[in-house]
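Computed from heavy atoms alone, side chains included, the values below leave out hydrogens, waters and symmetry copies.
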Amino acid sequence: KKDTKESKAPEIAIDLLVLKVGKVVYKDYSGKGDPLVKEFKININEKFENITDPQSLARLILQRCLLKTTIANLTGFDLDALKGQASEVISGATEAAKKSADQAKEAAKEAADKAKKELEGATEGVKELLKF
């Protein structure tokens, strides 16, 4: 008997995903004899941040690879469903990247302000030492 319990997707937290795919090979075994083989050089090199859903990760990879090939046409695969879901992942990653950039700018501004105050304090201290 098969276990009817649904397995829960593993929890993941990918801070930075660098997706690099040089080529995709499609093999069609539906005919007799040797399979029909098609190779697509797609050269994907993209970065995504803050991915927490395994299904979204799979959709993202599939969508990015299939968009650059004609595999969807060969198989009758509907990319529209993946496009929307992958767009949500990309949108979320873009928002997270913007938030991180804003936080970095704020931290840099605070560090610059603190350094300026320290420098002003040091300058005043040197002026006091050099008074005759």
Tell me, yes or no, whether the heavy-atom count around Asn45 atom CG, taken from other residues, nucleotides or ligands under 6.0 Å, exceeds 12. yes
Any residue meeting side chain to side chain donor-acceptor pair (under 3.5 Å) with Asn43, in chain and number order, not counting sequence neighbours: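 For Asn43, no residue satisfies side chain to side chain donor-acceptor pair (under 3.5 Å) once neighbours in sequence are set aside.
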Give the table of side-chain donor-acceptor pairs shorter than 3.5 Å for residues 9-23, with sequence neighbours excluded, one pair per line with atom names and distance.
none

Got a second to check how far [X]'s [atom1] is from [Y]'s [atom2], nearest 0.5 Å?
{"X": "Leu62", "Y": "Leu57", "atom1": "CG", "atom2": "CG", "answer": "10.0 Å"}
{"X": "Ile51", "Y": "Ser56", "atom1": "CD1", "atom2": "OG", "answer": "8.0 Å"}
{"X": "Ile61", "Y": "Glu46", "atom1": "CD1", "atom2": "CD", "answer": "11.0 Å"}

Step by step, would you call Asp28 with Lys38 a side chain to side chain contact (heavy atoms under 4.5 Å, CB included)? CA-CA 9 Å; Asp28 182 359; Lys38 294 205 178 239; over 6 Å; no
Cationic N near anionic O, under 4.0 Å, Asp113 to Lys109: yes
Less than 4.0 Å between a side-chain N and a carboxylate O, is that true for Lys41 and Glu39? yes
Arg64 and Ile44: which non-hydrogen atoms are nearest, and at how many Å?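 Heavy atoms of Arg64 and Ile44 come nearest at O-CD1, 3.4 Å.
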Partner residues of Glu110 under the side chain to side chain contact (heavy atoms under 4.5 Å, CB included) criterion, sequence neighbours left out: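 Glu110 satisfies side chain to side chain contact (heavy atoms under 4.5 Å, CB included) with Glu106 only.
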